[in-house]
Amino acid sequence: MTPLAVARPGRLAVRPSDPAAAPTTTLIVCGSADRADDGAALAALAALDRATLAGVRVHAVGEVRVEELVDAAALGPVVIADAAVGIGAGVVAVIPFERLGAFVRSIHVRSTHELPIADAVALAEMLIGRTIEGAIVVIGAGDVRHGGQLSAPVRAALPRFARTIARVALTVAERPGPRGPGRWAERPWSE
Amino acid sequence: MHRPEEINGGGTATADPGLDATFDVGYVTRVEGEGSLRLRVVGGEVTEARLSIFEAPRYFERLVVGRTPDEVLDIVSRICGICPIAYQMTAVRAFEHAFGVTVDPEVAALRRLFYAAEWIQSHALHVYLLHAPDFLGYPSAVAMAADHRDLVERGLRLKRVGNEIMALLGGRAIHPVSIRVGGFSRVPRPAELAPVRRSLDAALDDALATVETVASLDAPDFARDRPLVALRDANAYPYADGRLVSTAGLDLAPDRWDDAFAEEQHEGSNALHARTHDGGIYLLGPSARVTLDAGQLHPLAADALARHGFGERIRTNPYWSIAARAVELVQAVADARDVIDAYRTPAEPRVAWSPRPARAAWSTEAPRGVIFHHYEVDERGLIAAAQIVPPTSQNQGAIEQDLREFAPRVLGLPRDEATLRLEQLIRSYDPCISCATHFLDVRIEAEP
């Protein structure tokens, strides 16, 4: 689970990528299915028709590890789907990696990951020597007790969360124009 | 105002005698889980040091009631994303001991490989990403990587090897699913282990280099003298077998932890603390193991320990736990190589067994120290009651006691600097608060 503060409206920005490469997007789905809303991203993945994610590498993990981010970033953009505390239950938000560090610097860093997610992304970027194109798609968690079910607000927002994960995973790799942002950038980051 | 050299000096610094304050660290960073630290200071003396653990209480001891032993193995692995194998191995050994199950020697060896893999990934994470920044003067691994990229890359290489073995044997790297009572649901063919074996040669070089790096570090002078507790296996460095021993003369079978220790509730914490029956505080973990089991170290690890004269520092100074983890990285990597070199596919991945009403209890060595499980199995072969005692809750008393002793050295520093110093000490114990909740937030309040 990724702890976040209240998401504010903004716009995604896509950094230019090497036009000669053929990037593969990796979708890293985090959470624990037996910990109520912490399993929301896994539930959203299960609700998606896998054909929708054709061409996207999907990894379901308990938590993001730096080494996985490094491996995934070598192939192309990375999208992380996770539950979050600090935003309202059921609120879906998209936060580009480039804004993640600034975002969490203003809040207490709390994380059930090995390293806080912003640190993991920053460390991976330092190791590969460039920024990682991508974003984290989160849904606000209301209940993360072990043995619990998805809370009502999260259950109600699950279709929207799933659609957002798919949309970001499919559009993050779309080539931006030579000078301008791609379609992905036209979407507001708070759904 | 204290200068850093005073803090790292001989331990004579004290807080201003007129200082009345309560010091709070709201969230302690670079530890696994969520918790806070509150220090109450009256007349310059630290009267209270409380490591509060407020991550949502975990009801695993209740969740397993009514489940079968094999189901318990899948459930308890969810307690922690860093050390799931410790939970599985402790439970499976408890059930096997209770039901009279003897596993194939090759299965026992594979389990040793499995546990060693968890030590490798956990120790590499702590040494390089959580603890080294403290010694090298960086606020985080990210900041450290800017100047010491090689160190971070080495740590991640080691971690990858641990992950690789855990995924191969466990079915997946996090929350593995292959351990069953009586063996594994599936065992690898020797050819499947060949790529891992090649990775381990490079990992051994990295582990030995870790010892050299740690030997170059400087730690605060903070000598402690308290009982250390670990398993001691007559035949090998302890992972999942051996007797409970201590520097104070304890010697118990691994299923009799509760003959010497008990859990108790402490205000402000969702974790139970453990003490000896006469209220004594003790310390578990790599430092305890290296101290009590030096005679069983792999020759390569024993040589690394002796070459740098780490022994006494590891025994007495919590900061030098980083050296114990470095030595154990060599131990675990060397063990893993030896297991693979000798491995032959067992005839069957698991042996048949039957449940019976029993007290199923056992202790093993998690990366952070002794972990104890106790299950009552009813006549239907289902769990009637459970007790799970992780290492962090056992170490919590020692952590708080050391904070009380250390805090006067730093309370005259600016708040941010004092917080950092206190967090560094806490990180020396590599607390896994997720496990113990059973995390960290530091607070100092002014008294009227």
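The figures here come from the full heavy-atom set of this structure, side chains too, leaving out hydrogens, waters and symmetry mates. Everything quoted here is computed from the prediction, not taken from an experiment. Numbered from 1 within each chain, the chains take letters A, B, ... in sequence-line order.
Shown here is A:Arg130, whose CZ atom has more than 12 heavy atoms of other residues, nucleotides or ligands within 6.0 Å. The number of heavy atoms from other shown groups lying within 6.0 Å of CD (B:Glu71) is above 12.
Note that the CZ atom of A:Arg65 and the CD atom of B:Gln121 stand 5.0 Å from one another [nearest 0.5 Å]. With rounding to the nearest 0.5 angstrom, the CG atom of B:Leu129 is 10.0 Å from the CG atom of A:Asp119.
For B:Arg78 against A:Ser32, the heavy-atom pair with the smallest separation is NH1-OG, 3.9 Å. Nearest heavy-atom pair across B:Ala141 and A:Leu123 is O-CD1, 3.9 Å. The two residues A:Glu67 and B:Asn163 have their closest heavy-atom pair at OE2-ND2, 2.6 Å.
A search for ring-ring contact (aromatic ring centres under 6.0 Å, His included) contacts involving B:Tyr375 returns B:Phe95, B:His373, not counting sequence neighbours. With sequence neighbours excluded, the residues satisfying salt bridge (Lys or Arg N to Asp or Glu O under 4.0 Å) with B:Arg160 are A:Asp71. Taking the salt bridge (Lys or Arg N to Asp or Glu O under 4.0 Å) definition, one finds that B:Asp206 meets it with B:Arg157, sequence neighbours left out.
The stretch residues 144-152 of chain B places B:Ala145, B:Ala146, B:Arg149, B:Val152 near chain A, each with some heavy atom under 4.5 Å from a heavy atom of that chain.
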